[in-house]
2 protein chains.
Amino acid sequence: MALKYSRQREAIKEFMMTRKDHPTADVVYMNVRKEFPNISLGTVYRNLTLLSDMGELLRLRVGDGVDHFDATTAPHYHFICKNCGAVTDLEIPIIHSIDTIAGDNFNGRINGHVTYFYGTCEHCLKKSSN
Amino acid sequence: MALKYSRQREAIKEFMMTRKDHPTADVVYMNVRKEFPNISLGTVYRNLTLLSDMGELLRLRVGDGVDHFDATTAPHYHFICKNCGAVTDLEIPIIHSIDTIAGDNFNGRINGHVTYFYGTCEHCLKKSSN
DNA sequence: TTCAAAATTAGTAATGATTACTGATATCAT
DNA sequence: ATGATATCAGTAATCATTACTAATTTTGAA
């Protein structure tokens, strides 16, 4: 028996399921603390890492220096707002053909790619048009 | 006069020009120290950041927790070896069409994308086939 | 149910990359 | 040459994340 049940891990998992906005460890910590007032940040990190390693979560490194986590584990693309930093899912299918294109004149083996789209989100577009 | 000449910055720039392997701040530090034995790591970081902000360098966040820098500022794609962590340039043109694809059914504005291709580099492929 | 082995935890310390601060030095227009 | 100011070296601080440790939970079997 390698993995034991833990209420804290379950609470973290359940919280992640409710969020589509790719929260950071700190946001998870703040929220799970409502149910477990003295859970420690280390426990949050350990479980987020564990769940990511098991494939139940995705760890996103979007370039803002903080890791984001995503309970939607099926491969998909992300958009990052350069204005507010919000991370949102994109509803387009994975474009496998670019792996083939990238492999042209390249002597290694390409297994896949990670793409982040950057721009301005709907919310920030509205704000700036005032 | 906002920007003054500095030998240290010039040395950092020149070192970056000689390297195609996207060194980290620490690697730059180690090398520039040959010419400036008591340059400080802070100076290296400050200048790498300054040059990146001016557009003379690219700051790459490839997902390994350390920033890499690239003197080739024209947009291009990168490949990261999952085995050894090496970062190499890919010789394919930017595929602008995926920005359009990504914009389908999306209400924000997409300005561009950053893609990292992952796999095994030529060198590591050869080693593992022993 | 009780018990002990092993996983997990809370709390805290340590790490590693990067940034900020400070008094001394280098650059440059006048 | 000189004064204003950008830059520096050295060091301290910050921030995200990981590691450590003694106490608590979980769990399968007695």
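Because the structure is predicted, anything quoted here is derived from the model rather than measured. Below, chain A is the first sequence line, B the second, and so on; all start at residue 1.
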Taking OP1 and OP2 of C/dA26, is either one under 4.0 Å from a side-chain nitrogen or oxygen of B/Gln8? no
Computed from five pairs at either end and rounded to 10 degrees, the angle between the axes of the helix from C/dT1-D/dA30 to C/dT30-D/dA1 is 30°
Close residues, residues 39-71 of chain A, relative to DNA chain D [heavy-atom separation under 4.0 Å]: A/Leu41, A/Tyr45, A/Thr49, A/Gly65, A/Val66, A/Asp67
Between A/Thr43 and A/Tyr45, is there a side-chain heavy-atom distance shorter than 4.5 Å? no
Short N-O contact, A/Asp89 and A/Lys20, less than 4.0 angstrom: no
I want to check one thing: is the phosphate of D/dC8, taken as OP1 and OP2, less than 4.0 Å away from some side-chain N or O of B/Arg7? no
Tabulate below the donor-acceptor pairs under 3.5 Å that side-chain atoms of residues 93-100 of chain B make, not counting sequence neighbours, or state none.
{"from": "B/Asp99", "atom 1": "OD1", "to": "B/His113", "atom 2": "ND1", "distance (Å)": "2.7"}

Rounded to whole Å, how long is the line connecting atom CD of B/Glu10 with atom P of C/dT27? 12 Å
Could you pull out all donor-acceptor pairs under 3.5 Å where a side-chain atom in residues 101-109 of chain B meets a protein atom, sequence neighbours excluded?
none

Report the distance from atom OH of B/Tyr29 to atom P of D/dC8, rounded to the nearest whole Å. 14 Å
From B/Arg59, B/Arg19, B/His76, residue fulfilling side-chain hydrogen bond (donor to acceptor under 3.5 Å, both in side chains) relative to B/Asp70: B/His76
Quick one: does NZ or CZ of A/Arg33 land under 6.0 Å from the six-membered ring centre of A/Phe36, within 45 degrees of the ring axis? no
Should A/Arg9 and A/Leu3 count as side-chain neighbours, where that means a heavy-atom distance under 4.5 Å? yes
Hydrophobic cluster partners of A/Tyr5 (side-chain heavy atoms under 4.5 Å): none
From CZ of B/Phe36 across to P of D/dG10 the rounded distance in Å is 13 Å
Using the closest heavy atom to pick a nucleotide of DNA chain D for each, name whichever of B/Pro37 or B/Tyr5 lands nearer the 5' end. B/Tyr5
In the single-linkage hydrophobic clustering (I, L, V, M, F, W, Y; side-chain heavy atoms under 4.5 Å), do A/Met17 and A/Leu51 co-cluster? no
Between A/Lys4 (NZ) and D/dG28 (P), how many Å, whole number? 9 Å
Where along residues 17-24 of chain A does a heavy atom fall under 4.0 Å from DNA chain D? none
Gap separating the CD1 atom of A/Ile39 from the CD atom of A/Gln8, nearest 0.5 angstrom: 5.5 Å
What is the separation between atom CG on A/Leu3 and atom C1' on C/dT8, rounded to the nearest whole Å? 10 Å
Contact summary for A/His68 and A/His22, nearest pair of heavy atoms: ND1-O, 2.8 Å
